[in-house]
Amino acid sequence: MARRFYIKTFGCQMNEYDSARMADVLHKSLGWTAAASAPQADVLLMNTCSVREKAQEKVFSLLGEWRLLKQLRPELIIGVGGCVASQEGDAILQRAPFVDLVFGPQTVHRLPDMIGQLARRAHVVDVSFPEIEKFDRLPEPRAAGARAFVSVMEGCSKYCSYCVVPYTRGDEVSRPFESVLAEVRALACQGVAEVTLLGQNVNAFAGTMADGAVVDLATLIHHVAAVQGVERVRFTTSHPLHFSDSLIEAYASVPALANHLHLPVQSGSDRVLALMKRGYTAAQYRARIRALRAVRPDIAISTDIIVGFPGESERDFEATLQLVADVGFDQSFSFLFSARPGTPAAALPDEVPHEIKQSRLARLQAQLDAQTLSISRSMVGSRQRVLVERAAKRGGAELAGRTENNRWVNFAGPSALMNRFAAVTVTEALPHSLRGRLEAA
Ligand code: SAM
Ligand code: SF4
């Protein structure tokens, strides 16, 4: 009997990508379809994040809700995947014995088989890292709209001192070059015009070609941009150490490469950067940005910053504020340090009171918000190329799409523009979006 599944996704774009693949595999292998909400589904799957403690707590609070559904319908299957599953493994079953499946980020393709095994076993746990097998076993992706994520590498080998990712997702493994391009071509044939190449450390991509040569992310970008139908290319998330000259050259020579870069800096203090094991100084980061702006003077640059790393002094924090102002970051993310079990930073002495960390975070966020708004205001009057993604939330004949620098623009226009590029003049800057006027293309 065809069953219905519901997938709840927490965390990063890699998880969003994996959830979409989970849906593909359940649909293709078992003929199951998506349910609109958890109570309507026969199978409940959670794709989890453990990068900060808060994200991990959400998992167990949602599991509490799902447990009540299972009390009403004991045949309900509950599965936990992603980074919490990878980190906790069997321990999830001790805390939540009503869970049937535990699977890691690298075993999503085995879901149908794991569900089959439940006929013989009470629980199935598979959080192994079978290298890149996942991509060979997944069905061809189904596009949903004109934007798509394409994962080009899995895992991370950087081992920043605060981060769980290398432990939950394993070391870096790149997909073969042709496998990535085949996925991009398949998506473009289904109408995808904007492709985001994904990886935890995406610019460490080292893809093997059919002749055995190994190529970098810049070469991949050239090929992806040349695929018929692809008009905009993005990539995330990059590490400053791998932000190579070849990538800067790609920004100079590939117009389809969006005028936006997300390049996490984490801190502006060299002392903290060294404790974080990031491998670069603030001056080296600034130098990369200068080189990039030499070829793309108006590029928007966003970042991730951790506030309250163990032992962060007021002076360290001020160095971060200074870097944020100097680079002129746009639309960035900032987080309070969260000690993750098993990471070296969790064992560092930390005498900074929580209230001080919170007030630093508030100061940083106020500065970042002000910079975002000032860049938005500077866009008023400019003509933007917008990829229309949906009807605007306020309804009517309004459409919503994204600019190259990743801002939402709401404007009046015909629904025939859905999933297409439109020329829009920005008329107003609001704190979280822009308003615009449709122009003749
Ligand atoms: N690979 C990317 C990189 O190196 O920037 C991002 C991966 S991580 C999932 C996303 C962001 O979460 C990081 O850039 C960092 O700012 C933040 N993060 C990771 N571990 C953290 C921790 N223990 N506490 C607070 N923030 C953390
Ligand atoms: Fe985590 Fe550092 Fe790898 Fe990013 S580069 S995923 S922060 S270990």
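Being a predicted model, the structure only gives us computed values, none of them experimental. Order of appearance sets the numbers: ligands from 1, and atoms from 1 within every ligand.
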- request: For atom 2 (Fe) of ligand 2, count the protein N, O or S atoms found under 2.8 Å away.
  value: 1
- prompt: At a 4.0 angstrom heavy-atom cut-off, what protein residues surround ligand 1?
  reply: Val51, Arg52, Tyr162, Gln200, Thr237, Pro264, Gln266, Arg278, Asp304, Ile306, Phe335, Leu336, Phe337, Ser338, Arg340
message: Going by salt bridge (Lys or Arg N to Asp or Glu O under 4.0 Å), name the pairs with one or both residues in residues 206-235, residues two or more places apart or in two chains.
response: Glu194-Arg232, Glu194-Arg234, Glu231-Arg385
task: Report yes or no: do Ser61 and Glu57 form a side-chain donor-acceptor pair below 3.5 Å?
output: no
- prompt: Can you find a side-chain donor-acceptor pair between Arg288 and Ser238 that sits under 3.5 Å?
  reply: no
query: So, is the end of the Arg21 side chain (NZ or CZ) under 6.0 Å from the ring centre of Tyr17 and within 45° of the ring's axis?
result: yes
message: Whether Lys8 engages the ring of Phe10 as a cation-pi pair (distance to the six-membered ring centre under 6.0 angstrom, angle to the ring normal within 45°) should be assessed.
response: yes
Residue of the set Thr236, Thr237, Asp304, Thr303 for which side chain to side chain donor-acceptor pair (under 3.5 Å) holds with His262: Asp304
message: Is it the case that over 12 heavy atoms from other parts of the model lie below 6.0 angstrom from the CZ atom of Arg67?
response: no
task: Please say whether more than 12 non-hydrogen atoms of neighbouring residues, nucleotides or ligands are located less than 6.0 Å from CD in Gln228.
output: no
task: State which residues pass side chain to side chain donor-acceptor pair (under 3.5 Å) with Tyr167; sequence neighbours excluded, sorted by chain then number.
output: none
